[in-house]
Engineer: 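So that we are looking at the same thing, I have put the structure below in structure tokens.
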Protein chains: 2
Amino acid sequence: PAHIIVMGNEKGGAGKSTVAIHLAVALMRMNRRVGVIDLDVRQSTLGRYLDNRRRWSERRGLDLPIPEQVVVQASTARSLDEAEAEEVEAWKAALRDLKARCDFIVVDAPGADTHFSRLAHSSADTIITPVNDSFVDFDLLADVDPDTFEVGRPSVYSALVWECRKQKAVKEKKSIDWVVMRNRISMLDARNKRRVGKGLKKLSERVGFRLAPGFGERVIYRELFPLGLTLLDLTQDGSAKQFTLSHVAARQELRDLLIVLKLPGLEG
Amino acid sequence: PAHIIVMGNEKGGAGKSTVAIHLAVALMRMNRRVGVIDLDVRQSTLGRYLDNRRRWSERRGLDLPIPEQVVVQASTARSLDEAEAEEVEAWKAALRDLKARCDFIVVDAPGADTHFSRLAHSSADTIITPVNDSFVDFDLLADVDPDTFEVGRPSVYSALVWECRKQKAVKEKKSIDWVVMRNRISMLDARNKRRVGKGLKKLSERVGFRLAPGFGERVIYRELFPLGLTLLDLTQDGSAKQFTLSHVAARQELRDLLIVLKLPGLEG
Ligand SMILES: Nc1ncnc2c1ncn2[C@@H]1O[C@H](COP(=O)(O)OP(=O)(O)OP(=O)(O)O)[C@@H](O)[C@H]1O
Ligand SMILES: Nc1ncnc2c1ncn2[C@@H]1O[C@H](COP(=O)(O)OP(=O)(O)OP(=O)(O)O)[C@@H](O)[C@H]1O
Ligand SMILES: [Mg+2]
Ligand SMILES: [Mg+2]
């Protein structure tokens, strides 16, 4: 049965779409069938990434591995009860469609608390939450004391995941593996990095997520968007005549993330 | 009459709240009366930043300059017509409240297309749009060609600003000064930076915004969030025994932004 991975973080710009595309391509290059649902219906970063990928693949005659995508529309109903009923149907149809033909379904949730986002969180097998190395992002997970940097009360996004986990337990009698990873980690910045790291470690025990190795701030994670490529595609695309140290480090970061995710069927 | 500055970008994590707090504190330290409306009603980054500021100011007996804040609630009505009518009233009341006692009103819009966000964009005198140095962020402004990096069709957020500008022109017979600035600019990364820069320059003429100097990626812009402080407060707070090169550069970036904004009453 398809394993559903939801890229979730109500905080904007944490890296959900970036990790989503790199995960999807990595899994395809490990010969898994991958489906994608972009729930950021207006912004469509992931959808546009795939449009760019299709365009580049055609332009260069490359035959790149491209995940299956099902597009869901937001409801335009003016009554929320009606809109949510419509969206539940659209969501279930998208899942049924992809479950039939994929090993993994990567769902890119928006950086906002939307009905679609909650549906996704409540259906997830794995939730991956990227976080900037910043207490501004941390603030949506929990409060911190400004003197001791001790972790305080869980905050809105922790509460959202908790509620969705309960719904999943009730509906499917299954648990959710919640994995948090830092993203856009700066190469400098020792004190803030240490404080955020300690906060995440403390909070992981309290709120119930695992910590995964994160991604550094690297232009290679973002500069290929107009081409729809990821660093994993560069040998096939043939354009990169040599890999920089940053490329090699990025490949390792992606590999290390996959190892810690322990996704089903991927051992070895 | 109060000058309304809206921090707008539908793209998440571009730096709206970060620029909002630094602008608010800078204006207060130039002896202007500043009011703040945080329209990211669930996340409340700016509201929490100010809560942290009040807490630190009390704990340390500091009497920091703190902007006036009016809190608006999102409507919980299940009918969108009813919810939007409620939010229009809440918005007007918040503006009336602050207009009476402020020179500047800084509105922090959410990283999503919400009704409150559109109300704010249509009432703005100045819209400031921070953007990551990235075509992922650029994509919400316009499409680019992957071979030439030529700017193509305007995208969802450009369309939103255009619609709101029309509404402002119709309702108030006034124009909006739309200013775009890069944020989290990397010290390395030459090629991508050059391409994004050229794209922004081209687009500014086509879509009608001015370009302002941006902010570098600097930990000083984010590490003080739990204290509610900005780099401008460090001499008063007394905690920074010496300023790093990055602090000095950040101060200059903030000054350069204010110069280009040409806000009323601030010449000299
Ligand atoms: N590891 C990284 N290194 C460099 N740039 C990155 C990295 N991760 C993300 N970015 C850039 O940071 C910005 C935010 O990333 P992204 O759009 O993936 O976040 P998101 O969580 O999907 O945002 P939203 O909430 O708007 O959906 C983008 O400009 C992206 O290109
Ligand atoms: N110039 C900068 N240097 C370093 N870090 C920054 C800078 N600007 C923003 N950040 C960090 O980047 C992240 C996103 O910034 P911020 O929350 O201000 O963006 P936003 O546009 O308000 O996001 P949202 O759409 O979620 O409201 C935060 O973790 C913030 O601390
Ligand atoms: Mg996204
Ligand atoms: Mg914000």
Side-chain angles (χ1 to χ4, degrees), chain A residues 9-18 40 42-45 48-49 52 55-56 59 77-81 83 110-114 132-140 143-147 149 155-157 184 186 188-189 191-193 195 217-219 222-229 246, chain B residues 9-18 40 42-45 48-49 52 55-56 59 77-81 83 110-114 132-140 143-147 149 155-157 184 186 188-189 191-193 195 217-219 222-229 246:
Chain A
N9 195 341
E10 194 175 332
K11 184 69 182 81
K16 299 176 286 297
S17 306
T18 297
D40 204 333
R42 225 178 97 87
Q43 211 160 287
S44 314
T45 301
R48 301 264 285 195
Y49 214 124
N52 294 345
R55 167 171 60 173
W56 189 258
R59 238 188 234 200
R78 298 294 292 171
S79 136
L80 286 180
D81 292 339
D113 178 13
T114 66
N132 278 295
D133 196 20
S134 167
F135 281 110
V136 172
D137 280 43
F138 194 96
D139 195 53
L140 274 79
D143 189 34
V144 289
D145 182 271
D147 278 307
F149 287 90
S155 176
V156 289
Y157 184 68
R184 305 193 70 177
S186 146
L188 330 153
D189 170 26
R191 179 181 53 198
N192 180 67
K193 194 183 299 186
R195 284 169 171 167
E217 167 77 18
R218 303 179 187 285
V219 73
R222 66 174 186 249
E223 68 175 331
L224 301 174
F225 171 82
L227 285 62
L229 300 179
S246 197
Chain B
N9 194 341
E10 194 173 333
K11 183 69 181 82
K16 299 176 287 296
S17 306
T18 295
D40 204 334
R42 225 178 96 88
Q43 209 160 288
S44 315
T45 301
R48 300 266 285 196
Y49 213 124
N52 293 344
R55 169 171 57 173
W56 188 257
R59 238 187 235 197
R78 299 293 293 172
S79 137
L80 287 180
D81 291 339
D113 177 14
T114 66
N132 278 295
D133 194 22
S134 167
F135 282 109
V136 171
D137 280 43
F138 194 97
D139 196 51
L140 273 80
D143 188 33
V144 288
D145 181 272
D147 278 307
F149 287 91
S155 178
V156 287
Y157 184 67
R184 305 193 70 179
S186 147
L188 329 153
D189 170 26
R191 178 180 54 198
N192 181 65
K193 194 185 297 187
R195 284 170 171 166
E217 167 77 18
R218 304 180 186 284
V219 73
R222 65 175 186 247
E223 69 176 328
L224 301 174
F225 171 81
L227 284 64
L229 299 180
S246 198

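By convention in this document, chain letters (A, B, ...) are assigned in the order of the sequence lines, proteins followed by strands, and residues within each chain are numbered from 1.
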Engineer: Can you tell me how far CZ of Arg184(A) sits from CZ of Arg184(B), rounded to the nearest 0.5 angstrom?
Structural biologist: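 Reported value, rounded in 0.5 Å steps: 4.0 Å.
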
Engineer: Counting only heavy atoms closer than 4.5 Å, note whether Val144(A) contacts chain B via side chain, backbone, both or neither.
Structural biologist: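 Looking at Val144(A), backbone and side chain both touch chain B.
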
Engineer: For the candidates Asp40(A), Asp113(A), Thr18(A), which exhibits the highest count of non-hydrogen atom pairs separated by less than 4.5 Å from chain B?
Structural biologist: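 Sorted descending by pairs with chain B, the first entry is Asp113(A).
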
Engineer: Non-hydrogen atoms of chain A under 4.5 Å away: do they reach the side chain of Val136(B), the backbone, both or neither?
Structural biologist: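 Looking at Val136(B), backbone and side chain both touch chain A.
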
Engineer: Is it the side chain or the backbone of Lys11(B) that comes within 4.5 Å of chain A heavy atoms, both, or neither?
Structural biologist: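 Its backbone and side chain both get close to chain A.
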
Engineer: Heavy-atom distance under 4.5 Å to chain B: side chain of Asp147(A), backbone, both or neither?
Structural biologist: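 Both the backbone and the side chain of Asp147(A) come within 4.5 Å of chain B.
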
Engineer: Among residues at least two apart in sequence or on other chains, which ones pass ring pair (Phe, Tyr, Trp, His ring centres under 6.0 Å) with Phe135(A)?
Structural biologist: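 Phe135(A): ring pair (Phe, Tyr, Trp, His ring centres under 6.0 Å) contacts with Phe138(A), Phe149(A).
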
Engineer: Taking all non-hydrogen atoms of both residues, which atom of Arg55(B) and which atom of Pro146(A) are closest, and how far apart?
Structural biologist: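 It is CZ-CD, 3.7 Å.
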
Engineer: Is it the backbone or the side chain of Asp133(B) that comes under 4.5 Å from a heavy atom of chain A, or both, or neither?
Structural biologist: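 Both parts, backbone and side chain.
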
Engineer: Does any backbone or side-chain atom of Arg218(A) lie under 4.5 Å from a heavy atom of chain B? Answer side chain, backbone, both or neither.
Structural biologist: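 Neither; nothing under 4.5 Å.
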
Engineer: Looking at Ser155(B), Ser246(B), Ser134(B), which one has more heavy-atom pairs under 4.5 Å with chain A than the rest?
Structural biologist: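 Highest number of pairs under 4.5 Å: Ser134(B).
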
Engineer: Go through the atoms of Ala83(A) and report whether side chain, backbone, both or neither lie under 4.5 Å from a heavy atom of chain B.
Structural biologist: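 It is neither, since no heavy atom gets under 4.5 Å.
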
Engineer: Rounded to the nearest 0.5 Å, how far apart are CG of Leu229(A) and CG of Leu224(A)?
Structural biologist: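 Result: 5.5 Å between the selected atoms.
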
Engineer: Is there a donor-acceptor contact under 3.5 Å from the side chain of Tyr49(B) to the main chain of Ser44(B)?
Structural biologist: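 Not confirmed, Tyr49(B) side chain does not pair with Ser44(B) backbone.
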
Engineer: Please state whether the side chain, the backbone, both or neither of Thr45(A) comes within less than 4.5 Å of a heavy atom of chain B.
Structural biologist: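 Looking at Thr45(A), just its side chain touches chain B.
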
Engineer: Below 4.5 Å from any heavy atom of chain B, which atoms of Thr114(A) appear? Answer side chain, backbone, both or neither.
Structural biologist: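 Answer is neither: Thr114(A) stays 4.5 Å or more from chain B.
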
Engineer: Who are the side chain to side chain contact (heavy atoms under 4.5 Å, CB included) partners of Asp139(A), not counting sequence neighbours?
Structural biologist: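 Expected list: Asp143(A), Arg48(B), Phe225(B).
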
Engineer: Measure from the side-chain N and O atoms of Asp81(A) to the backbone N and O of Arg78(B), and report whether any donor-acceptor pair falls under 3.5 Å.
Structural biologist: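 The answer is no, because no donor-acceptor pair under 3.5 Å joins these two groups.
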
Engineer: If I take atom CG from residue Asp189(A) and atom CZ from residue Arg195(A), how far apart are they, to the nearest 0.5 angstrom?
Structural biologist: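 Answer rounded to 0.5 Å: 10.0 Å.
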
